[in-house]
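The structure appears below as structure tokens.
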There are 2 protein chains.
Amino acid sequence: MAEQPVAKARRGRPRQAEVARLAGVSQTTVSLVLSGNKQGIALHPDTRARVLEAARQLGYAPDPAARRLAAARNDLLGVFSFTATFPTDVAHSYYPILVGVEQEAVARGYDLVLFTGSSAAPGRGGGGAAELNRVRLADGCLFLGRHVPADPLRRLVEQGYPAVHIGRRDELEGLAWVGADYAAATAEVVRRLAALGHRRMVLVCESDQALASVDRERGFRAALGEGELARASDAGPGPVVRVADPAAEITASWVRARLAEGVTAFVAEETDTCAAWRALVAAVDAAGLTAPADLSLALLGAPPADLAGRTEPTGFDVPKAELGAAAVRTLTALLTEGGADCSPLVPCAFRSGHTAGPPPPAP
Amino acid sequence: MAEQPVAKARRGRPRQAEVARLAGVSQTTVSLVLSGNKQGIALHPDTRARVLEAARQLGYAPDPAARRLAAARNDLLGVFSFTATFPTDVAHSYYPILVGVEQEAVARGYDLVLFTGSSAAPGRGGGGAAELNRVRLADGCLFLGRHVPADPLRRLVEQGYPAVHIGRRDELEGLAWVGADYAAATAEVVRRLAALGHRRMVLVCESDQALASVDRERGFRAALGEGELARASDAGPGPVVRVADPAAEITASWVRARLAEGVTAFVAEETDTCAAWRALVAAVDAAGLTAPADLSLALLGAPPADLAGRTEPTGFDVPKAELGAAAVRTLTALLTEGGADCSPLVPCAFRSGHTAGPPPPAP
DNA sequence: TCCCCTGACTAATGCGCATTAGTCACCGGC
DNA sequence: GCCGGTGACTAATGCGCATTAGTCAGGGGA
């Protein structure tokens, strides 16, 4: 954190004392009038009007730091992400979430403060701790992405700071979080495929052991277990295939081998790169097959932006805006009631798409 | 008694006084040790070590609110846009700017506060003025988009509030702004076309009288004036054609008529809808012509997202991220030095594209 | 008439920290 | 032995606000 040279940033910034002088009252009165007079102290309408007029005239705005220090609140919600909040590389992945966060925050009368954890935080002891500590300026904070360092975050939570993590994060005891219901959505996709007539399907996972991935696999297995599917899919390499290098392992011949075993539907999960899905699509292509005529494909999530032009994959959409909104709701519940009891899981919407259909008649 | 509604966030948080007690020194000393002792006051290594150890043991972390209150600044930069900061519809238009704003703000140790014009702030009088007043909570503020109401903004500026507008905005005396150098970029495009051999070219403008449009036209005319181009292009309807309804006016026959007059290059400017460019492309298409074989096309700006798949137009790119970064630099200069003397114009990068080439040999 | 309300405010305090003025023991020099 | 000067700290102050204790004039009730 680069310290600025001594600067008088708030040159003309009016304070309550100045409003008070202009209105001919005391600073206390100004505070009383402007903060809604929660003490129930009676005030003359005249005085009130004078104060408001003076404040308006001076363009008074309360200092959030002072408000917060005086043990009140400042109606600021923090949004912290360890990487840039507006990422350039993972194009727009957080953006839709922020849309939801902003809408909900505005609706509830909060402003948003963006805290970005700079990867380079040299000097100060405690490393990332200092970074995370800044969020205390806000009444509460949303944490974005699984790269938020656990230790400082735990400290924050232990000390009672209202925090909500966006994305499943239950390794931190006591940390509230909201997440997409990947398990249910995946199960829904499996059920839809089953309804189309598929009896045997394979889930292609990347080796990434993200929580979201675990959820999807759980949902997948659970849904398989519901019908005859489990037994049917258990043959061959099993219903879940975990690959380290999708492009190399998921080939045309791999697809043909699965088809020969009776697999008729292939499911991949969305990841940062969507490598598994890409590999799957490429392999099907290379095998001279097309979906949904020869086999069915499903993507557990949304396709990456650069594949936007292609056939819309069957699967589900994570309602990212809704996720952000839910996070804000949970956080404000924490702030006002001291406890959040909203469900942390946001349902995903099934997306019909055009890559799944009835399995081809057995040869 | 317990606090009523607001969660007591500062439960177990140690403060400097406690660290001081543990280390057997005064609070001042703790502050001195922990804040790097900028006063150059000498401290015993022993004392220093004791304090650091005590702080570590207690898990001390400074309260940012107090720190900022004492420092008389809050290291917060506002970002205000009259429409939602994260618009859902024109999602991509502000985003790249925000990327630049965030990067530069982080680099300079500032956090960002997002203000949304649409937020309902009841109670305060003054209508839209009150909206803008909220930004005073930040040390300074960036304003995005030309829909920021002029009157309240003027008031802010007049009262010495550090504000920077993103996008040219010189009708407000004293308001700092940063903008893209459309004139220079346009001139560059003209020069490139001239270098390719074009002697006669037409700029198609929409009736929109935006400042950016004016700049482009100015650059266009200026560059024409440099060579033989002006005289050559002055014939016919003149070098600049302003159309109210591009789709209706820019037709295949219009293009043919211009070609017949000797025009070999057509330039359109980017607008929200890019109607002129779309019309031009459609008209060329309808005339059975192709660029750059039969004629050259250039777009002063970036093509809209839905045309991303098509041939990349020759023209220039507005470095939006750089624009955001420049705005932050200007604002911080305002904050620390009291005056910004950085150039408000950000150069645009020429984009070769594939729609311009040498003019076809005269028939 | 005195006293105690009550209404409408104001003075004073403190949040946690940074900063500014001390304070005080010790040391060298004359 | 006295004095000025360091060096190493501490007391006090104030940032801007919310909150807690007043204060003070006017108005019944006894």
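Here is the naming used below: chain letters follow the sequence lines, and residue numbers restart at 1 for every chain. Please read these numbers as outputs of a predicted model, since none were measured by experiment.
- A distance of 10.0 Å separates CD of A:E322 from CD of A:Q103, quoted to the nearest 0.5 Å.
- A straight line from CG of B:D139 to P of D:dC15 spans 17 Å, rounded to a whole angstrom.
- Contacts with DNA chain D (heavy atom under 4.0 Å) in residues 22-31 of chain A: A:Q27, A:T28, A:S31, listed by number.
- Listed by first and then second residue, the salt bridge (Lys or Arg N to Asp or Glu O under 4.0 Å) pairs that reach into residues 16-25 of chain B are B:R15-B:E18, sequence neighbours excluded.
- Residue A:R154 qualifies as enclosed at atom CZ: its count of foreign heavy atoms under 6.0 Å is above 12.
- The CZ atom of A:R15 sits 4 Å away from the P atom of D:dG16 (whole-angstrom rounding).
- Taking only side-chain nitrogens and oxygens, A:R67 comes nearer than 4.0 Å to OP1 or OP2 of D:dA18.
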- request: Evaluate the salt bridge (Lys or Arg N to Asp or Glu O under 4.0 Å) criterion for residues B:R13 and A:E158: first the C-alpha distance (whole Å), next the side-chain angles of each, then the deciding distance (0.1 Å), finally the verdict.
  value: CA-CA 10 Å; B:R13 237 158 79 69; A:E158 276 170 3; over 6 Å; no
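- In terms of modelled atom types and a separation under 3.5 Å, the side chain of B:T336 and the main chain of B:T332 share a donor-acceptor contact.
- Terminal axes of the helix from C:dT1-D:dA30 to C:dC30-D:dG1 (five pairs each, C1' rotation axis) are separated by 80°, to the nearest 10°.
- Atom pair B:H44:NE2 and D:dG7:C1' shows a separation of 8 Å (rounding to whole Å applied).
- Between B:D46 atom CG and D:dA8 atom P the separation is 11 Å, expressed in whole Å.
- Between the side chain of B:D75 and the main chain of B:D111, no donor-acceptor pair closer than 3.5 Å is present.
- Between B:E171 and B:R169 a salt bridge is recorded (basic side-chain N to carboxylate O distance below 4.0 Å).
- In this structure, the CG atom of B:L43 is 18 Å from the P atom of D:dT6, given to the nearest Å.
- Going from atom CG of A:L34 over to atom P of D:dC17 covers 9 Å, rounded to whole Å.
- Put simply, the residue from A:V106, A:L112, A:L77 that forms a side chain to side chain contact (heavy atoms under 4.5 Å, CB included) with A:V101 is A:L112.
- Following rounding to the nearest Å, B:L32 (CG) and D:dC9 (P) show an atom-to-atom distance of 10 Å.
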field: Residues A:L142, A:L331; criterion side-chain contact (heavy atoms from CB on, under 4.5 Å); working and verdict
entry: CA-CA 8 Å; A:L142 262 28; A:L331 184 54; 3.3 Å; yes
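- Between the CD atom of B:Q16 and the P atom of C:dC17 there is a distance of 5 Å, given to the nearest Å.
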